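The shown structure was predicted, so the numbers you read here are calculated from the model rather than taken from an experiment. Sequential numbering from 1 along the given sequence is applied to the chain's residues.
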Amino acid sequence: MSLPLYEYGQAVRLIRNVRNDGTYPGKDTGALLMRRGAVGCVYDVGTYLQDQLIYRVHFLDQGCTVGCREEELIPASDPWIPNLFEFRDQVVATRSLAVRGEVVVEQGRTGSIEKVLRDLPGGIQYHVYFGDGRVLQVPETSLAWADAQAGDEHEH
């Protein structure tokens, strides 16, 4: 196991929504605990299943402490550009998507977010699975919520 990347008292920012995996008391499994973009301070570092570092992060503005994995955090001082979609969100292509000039996804086709790519020069992009065995890298500007109602429960 590697050494912790973040230290006690360090300000960190969540880059993913954190939901209850069943270990947070008093909340249903799957309930949203903290939204991406929230800033908190590392309160403690421990391990889970002897091989995963878990940071207890206190989010003062929200008044709670949540266990976070290292890949869910960045230093609070790092630049932050909020992303619209998260892993597993259902999206729709707002334009036809082509590979080497051949349209492979028609406008209006539904897909699922597989990965958020935050550090690219052109802004946030996603790996999107469109159901035919193909995952495409798609800019956020070419995607919308698959279900208009789903977007209502997310930040804009």
Side-chain angles (χ1 to χ4, degrees), residues 1-94 110-131 133-156:
M1 182 165 29
S2 61
L3 293 172
L5 185 61
Y6 305 108
E7 299 177 16
Y8 177 81
Q10 184 173 356
V12 292
R13 181 184 308 273
L14 274 175
I15 60 170
R16 298 181 187 161
N17 288 337
V18 174
R19 296 186 176 278
N20 188 8
D21 62 2
T23 60
Y24 195 92
K27 299 262 186 172
D28 292 338
T29 299
L32 182 66
L33 297 176
M34 197 62 52
R35 288 203 177 275
R36 65 185 173 270
V39 173
C41 284
V42 174
Y43 179 61
D44 191 18
V45 181
T47 58
Y48 178 69
L49 299 177
Q50 299 177 342
D51 68 344
Q52 295 180 42
L53 287 175
I54 301 294
Y55 296 86
R56 282 182 44 198
V57 180
H58 182 71
F59 296 92
L60 187 60
D61 291 348
Q62 293 81 5
C64 70
T65 300
V66 176
C68 303
R69 292 173 296 161
E70 198 164 87
E71 63 267 19
E72 296 172 326
L73 302 169
I74 61 173
S77 58
D78 279 8
W80 171 247
I81 301 169
N83 50 299
L84 187 56
F85 307 110
E86 293 287 329
F87 175 64
R88 292 193 185 131
D89 282 346
Q90 296 299 300
V91 294
V92 63
T94 58
T110 301
S112 175
I113 301 294
E114 295 291 314
K115 185 174 185 179
V116 180
L117 306 170
R118 301 188 48 77
D119 301 321
L120 299 176
I124 294 176
Q125 297 190 24
Y126 303 89
H127 284 171
V128 184
Y129 177 67
F130 285 102
R134 185 186 310 240
V135 174
L136 295 179
Q137 186 170 316
V138 183
E140 189 169 83
T141 55
S142 295
L143 299 169
W145 292 104
D147 176 358
Q149 198 170 8
D152 293 341
E153 63 189 50
H154 299 281
E155 297 172 298
H156 291 283

Please give me the minimum heavy-atom distance between [X] and [Y], naming the atom from each residue.
{"X": "Lys27", "Y": "Ala31", "answer": "CB-CB, 4.4 Å"}
{"X": "Thr29", "Y": "Gly22", "answer": "OG1-CA, 3.5 Å"}
{"X": "Trp80", "Y": "Arg13", "answer": "CD2-CD, 3.3 Å"}
{"X": "Gly111", "Y": "Phe130", "answer": "CA-CD2, 3.8 Å"}
{"X": "Pro75", "Y": "Gln10", "answer": "CB-NE2, 4.3 Å"}
{"X": "Phe85", "Y": "Tyr126", "answer": "N-OH, 3.2 Å"}

To the nearest 0.5 angstrom, please state how far the [atom1] atom of [X] sits from the [atom2] atom of [Y].
{"X": "Met34", "Y": "Glu72", "atom1": "CE", "atom2": "CD", "result": "12.0 Å"}
{"X": "Leu5", "Y": "Glu7", "atom1": "CG", "atom2": "CD", "result": "9.0 Å"}
{"X": "Glu114", "Y": "Arg88", "atom1": "CD", "atom2": "CZ", "result": "9.0 Å"}

Would you say that [X] contacts [Y] through its side chain, given a criterion of any heavy-atom pair below 4.5 Å between the two side chains?
{"X": "Leu117", "Y": "His127", "result": "yes"}
{"X": "Ile15", "Y": "Arg36", "result": "no"}
{"X": "Gln90", "Y": "Thr110", "result": "yes"}
{"X": "Ile124", "Y": "Val116", "result": "yes"}

Tell me every residue that passes salt bridge (charged side-chain N to carboxylate O under 4.0 Å, His left out) with Glu71, counting only those two or more places apart in sequence or in another chain.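 By the salt bridge (charged side-chain N to carboxylate O under 4.0 Å, His left out) rule, Glu71 matches Arg69.
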
Tell me, please, which residues at least two apart from Glu140 pass salt bridge (charged side-chain N to carboxylate O under 4.0 Å, His left out).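 Glu140 satisfies salt bridge (charged side-chain N to carboxylate O under 4.0 Å, His left out) with no other residue.
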
Sequence neighbours excluded, which residues qualify as ring pair (Phe, Tyr, Trp, His ring centres under 6.0 Å) partners of Tyr24?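 Ring pair (Phe, Tyr, Trp, His ring centres under 6.0 Å) list for Tyr24, sorted by chain: empty.
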
Residue list, side chain to side chain donor-acceptor pair (under 3.5 Å) with Glu70, at least two apart or on another chain: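 Here the qualifying residues are Tyr55.
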
Quick one: list whatever passes side chain to side chain donor-acceptor pair (under 3.5 Å) with Asp44, sequence neighbours left out.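 None.
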
Using a 6.0 Å cut-off, check whether atom CZ of Phe87 has over 12 heavy atoms from anything other than its own residue.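 Yes - once you tally the heavy atoms of other residues, nucleotides and ligands closer than 6.0 Å, there are more than 12.
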
Is Ser142 reaching over with its side chain to a backbone N or O of Thr94, donor-acceptor style, under 3.5 angstrom?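 Side chain of Ser142 to backbone of Thr94, a donor-acceptor pair under 3.5 Å: no, none is there.
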
Between side-chain atoms of residues 56-68 and protein atoms elsewhere (two or more places apart, or another chain), which donor-acceptor pairs fall under 3.5 Å?
| from | atom 1 | to | atom 2 | distance (Å) |
| --- | --- | --- | --- | --- |
| His58 | ND1 | Thr65 | OG1 | 2.9 |

Does the side chain to side chain contact (heavy atoms under 4.5 Å, CB included) test come out yes or no for Val45 and Tyr6, once each step is laid out? CA-CA 8 Å; Val45 181; Tyr6 305 108; over 6 Å; no

Can you tell me which residue among Val138, Leu84, Leu143 is in a side chain to side chain contact (heavy atoms under 4.5 Å, CB included) with Ile113?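 The passing option is Leu143.
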
